[in-house]
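Quick notes on the structure that follows.
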Amino acid sequence: MMKGLPAIIPLGLTLVATTAVAQTVSSSTAASAPVQETASVDDILVTAQRRSQSLQEVPITMNVMGAQEIEQARIVQVTDVANRTVGLNFDAFPASQPRPAIRGIGSSDRGAAGDPSTAVFIDEVYMGRPAAVAFDAFDVARIEVLKGPQGTLWGKNVVGGAIHVVNQRPSLSGFDASVAATYGNYNKFDVAGFVNAPLSDTLALRVSASSRTHDGFVRNTYLNNRVEDQDTKSLRAQLLFRPDDRLTVVLGIDGTRDRATAQARHTIGVDPASSTAAVWRPTIDPDHKTTRMDTNGYDKRDTYGVRLGVDWTFDHFVLSSISSWRKLDYTSFGDGDGGNPTTNALNIRGNQIDQTTFGSQEVRLSALPGSRFSWVLGGYYYHADTERTDIFALDSPPQPKGTFGAIDRYDQKNVTDSYAAFADATYAVTDRLNVFGGVRYSKDKKDYDVSNAASTALLRARERFTISASDSWGEVTYRLGGDYKLAERVMAYGVISSGFKSGGFQDTATTGVSAATPFSPETATNYEVGLKAEFFNRTLLFNPSLFWTDYTDLQVRRTVGFDTITTNAGSARIKGFELTSRWEPVEGLSLGVAYAYNDARFRNLVEDGQDFSGNRLTRNPKNKWTVSPAYERRLGSGAVVSGAVDIQYESFIFDDIDNNALNVRPAKTLVDARLVFTSPDGHWEASLWGKNLGDEVYITHQYILTGGQFAFYGEPRTFGATVRWRY
């Protein structure tokens, strides 16, 4: 067992607890459910405030994807969630280390002592490393995206927002099973399924598994093969014990294994102002479906863990505990310049190795459901032990066999211990008016060791060093607000909330002094007003919100030469508007519309004598919208035919804090569609689907390195057929 966790698992075994989470009513309903006689927008139950509530009762901006949408729209990974959610973006560098950003806030720091700013939780468990975000959205009840700081109820470092993946849980209500098989272009073959089996009146087992494979999206013209393939296997097993109505016990284990070639890098241009621009030979007509790398590289990831918990109801309160332990083994190796000895005068490769053991323990006391005074008190502990190696190799001029005489290596080790105590309450002043507030104290401690002594050449540093450093940071965060029912199904709300993300240490520092000097924590204060409304006999859902967020010491990343550093912006401000709406004018017909406007700028940022104040934050489009028309019709035989189109637009994005015109991701428009047939008995479902049907060429990450401009592209047009059987 990992150091610092001996108290976690025994406590979890004693309490063995989990908070009961309600299922998504509308989205988890099987496709065979009867079409409603009167069109209306269904309720969706969520747990954003750590209790089961209708989405329309939660006084924050959030988006929810339910089980049926996840299945039929083939939402499988973080990329799919980000493409369909306004206000949410991601950075794929590489795709096996997704780094989501909400309203422009998301850390690019992958160092051993770094943390994400927008956090991912799976069944309320914090995924503390980018490569640990390996969820495969099979047998999932819903995915919740919470916007803005969630620093009271949602654990560690939720300063930008949170993505919460809620898996389906075992059920005592009866045997259930389903299996789905998919075949598509690029020789795509997926199989996923689950079995839910009650073992007795008090015990149930649910086992879910998936396998996803496809050939490479990109052809390597230099090596005459393909890259960007997939081979992912996932398994999850959960055991439910419910001896009576007061006690619910869950034990879950899961694992994911990934094997793939590396992402294709493309040399798309040069910086004409750089003295080394001549060493690169970009493609004359950049083609996202070909690359010229001299190695295919690889991404290997194995992550697995255990989760334990109980929801134990007493006469006056509920005791909940969530215990987790996880292990991550990750290795990435690949070409760093998108070329080969015949095209580029430099040959660059990179290698990253990340081994992390991490776990957490949360204990909560909360009011009984339905109480006029809803409250929760809790404590939280997180421990992570990370060993990371970052290797940068260079040949100049490149040798035919890539001998790489210059190898720059950083060996890092970091131990993080995080503690928190929190309280949150909502009081119903009248039947129409609620007031709420919460407070949390967080403290993080990091012990960091880094050395570049094993390097054969210093490419990113100015000196050799072996450094040990330690620091800690603490902060009080809060939320305060209220909501008022203007009508039976119209609620207005206002909230002030704050968030905190601890400081850290440079992963590839240039000097020993820099390595030992921590960067500061970042804090955020968000002001938000909004409306949760349903009109016209519940056929129109209309949820707009306005927000204003002030950041202090925002942690930002920048590449200078061969080195990427983390620095603190003195201040930043984000202001904007979001709207989520769904209209169901007649039976079977619906139209979903979502829009986000974000104006995110640095108010005070000076780096190495350069003033970037007024520049836009990275990974933050000003405008993003989605439009999703859908139609469902029941045939005379009882079979159901449905179809949907999802159109997603995103305006351009800057990839660097200098807002360099060379480092811009152009605007993109993606179109997905699906056609689904469900048999009269509801046991069989067949669908035809397509993603990125316009074959849009879009960049998911780019950077400028020693005068060269390099990019990764998103997935091309994919299409296929899926057959699903339900018990």
Side-chain angles (χ1 to χ4, degrees), residues 8-25 27-30 32-33 45 47 50-52 66-67 71 122-125 135-136 138-142 165-180 191-210 234-256 304-315 317-326 361-366 368-370 681-683 724-727:
I8 291 182
I9 299 303
L11 178 59
L13 287 168
T14 302
L15 299 177
V16 206
T18 191
T19 300
V21 291
Q23 303 300 316
T24 304
V25 174
S27 297
S28 62
T29 303
S32 59
L45 300 183
T47 52
R50 297 302 183 97
R51 64 182 186 272
S52 179
E71 285 182 359
I122 300 179
D123 288 333
E124 301 184 85
V125 173
F135 79 88
D136 185 334
F138 68 102
D139 199 25
V140 167
R142 67 185 178 277
V165 181
V166 182
N167 291 310
Q168 298 281 15
R169 294 180 56 195
S171 173
L172 294 169
S173 61
F175 180 85
D176 195 10
S178 178
V179 63
V191 179
F194 75 88
V195 174
N196 182 91
L199 305 179
S200 69
D201 292 339
T202 61
L203 199 65
L205 174 68
R206 191 180 190 98
V207 178
S208 311
S210 72
S234 298
L235 176 68
R236 181 171 64 249
Q238 300 176 84
L239 187 65
L240 168 70
F241 176 55
R242 185 178 294 158
D244 53 45
D245 291 339
R246 287 179 172 262
L247 180 63
T248 300
V249 178
V250 170
L251 167 65
I253 59 173
D254 71 275
T256 297
Y304 50 90
V306 59
R307 180 186 183 278
L308 303 144
V310 69
D311 192 16
W312 198 347
T313 302
F314 293 85
D315 291 340
F317 60 86
V318 178
L319 170 64
S320 300
S321 169
I322 300 171
S323 308
S324 73
W325 176 90
R326 301 199 64 82
Q361 173 66 57
E362 182 168 329
V363 178
R364 300 194 301 261
L365 296 176
S366 57
L368 295 174
D681 59 9
H683 291 311
R724 186 182 307 275
W725 171 81
R726 304 178 193 273
Y727 176 75

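Nothing fancy with the numbering, it's 1 onward along the sequence.
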With rounding to the nearest 0.5 Å, note down the distance linking CG in L308 to CD in Q361. 9.0 Å
Start with the C-alpha distance between L203 and L239, add both sets of side-chain angles, then the distance that settles side-chain contact (heavy atoms from CB on, under 4.5 Å), and finish with yes or no. CA-CA 7 Å; L203 199 65; L239 187 65; 4.0 Å; yes
Assess whether a salt bridge exists between R242 and D311, defined as any Lys/Arg side-chain N lying under 4.0 Å from an Asp/Glu carboxylate O. no
Less than 4.0 angstrom from a charged side-chain N to a carboxylate O is my criterion; do E71 and R726 meet it? yes
Closest heavy-atom pair and its distance - R307, D123: NE-O, 3.0 Å
Contacts of Y727 meeting ring-ring contact (aromatic ring centres under 6.0 Å, His included) (sequence neighbours excluded), chain-then-number -> F175
Distance only, no hydrogens: is a donor on one side chain within 3.5 Å (strictly under) of an acceptor on the other, for S171 and N196? no
Would you say the side chain of V318 lies within less than 4.5 Å of the side chain of W312, judging by non-hydrogen atoms? no
Minimal heavy-atom distance between R326 and G305, with the atoms involved, is NH1-CA, 3.7 Å
Point-to-point distance, once rounded to the nearest 0.5 Å, from CZ of R236 to CZ of F138: 4.5 Å
Test side-chain contact (heavy atoms from CB on, under 4.5 Å) on L235 and I253 and set out the steps. CA-CA 8 Å; L235 176 68; I253 59 173; over 6 Å; no
I122 CD1 to D254 CG distance, which is reported to the nearest 0.5 Å: 7.0 Å
Would you compute the distance between atom CG of D139 and atom CG of N167 and round it to the nearest 0.5 angstrom? 7.0 Å
About how many Å separate CG of L368 and CZ of F317, when rounded to the nearest 0.5 Å? 9.0 Å
Between S321 and E362, is any pair of side-chain heavy atoms under 4.5 Å apart? no
For the CG atom on D245, are there more than 12 heavy atoms of other groups (residues, nucleotides or ligands in this structure) within a distance under 6.0 Å? no
I want to check something: taking the side chain as every heavy atom from C-beta on, are D315 and R246 in contact at a cut-off of under 4.5 Å? yes
Out of L172, V250, L251, V249, which one pairs with F241 under the side-chain contact (heavy atoms from CB on, under 4.5 Å) rule? V249
Are the side chain of S178 and the backbone of W725 linked by a donor-acceptor contact shorter than 3.5 Å? yes
Quick check for you: to the nearest 0.5 Å, what is the distance between L205 atom CG and S200 atom OG? 11.5 Å
Do you see a donor-acceptor pair shorter than 3.5 Å between the side chains of S208 and Q168? no
Identify the heavy atoms of L240 and P170 that sit nearest to each other, and give their distance. CD2-O, 3.4 Å
When you compare the side chain of I322 with that of V125, does any pair of heavy atoms fall below 4.5 Å? yes
Row check, F194 ring normal vs R206 NZ/CZ: under 6.0 Å, within 45°: yes
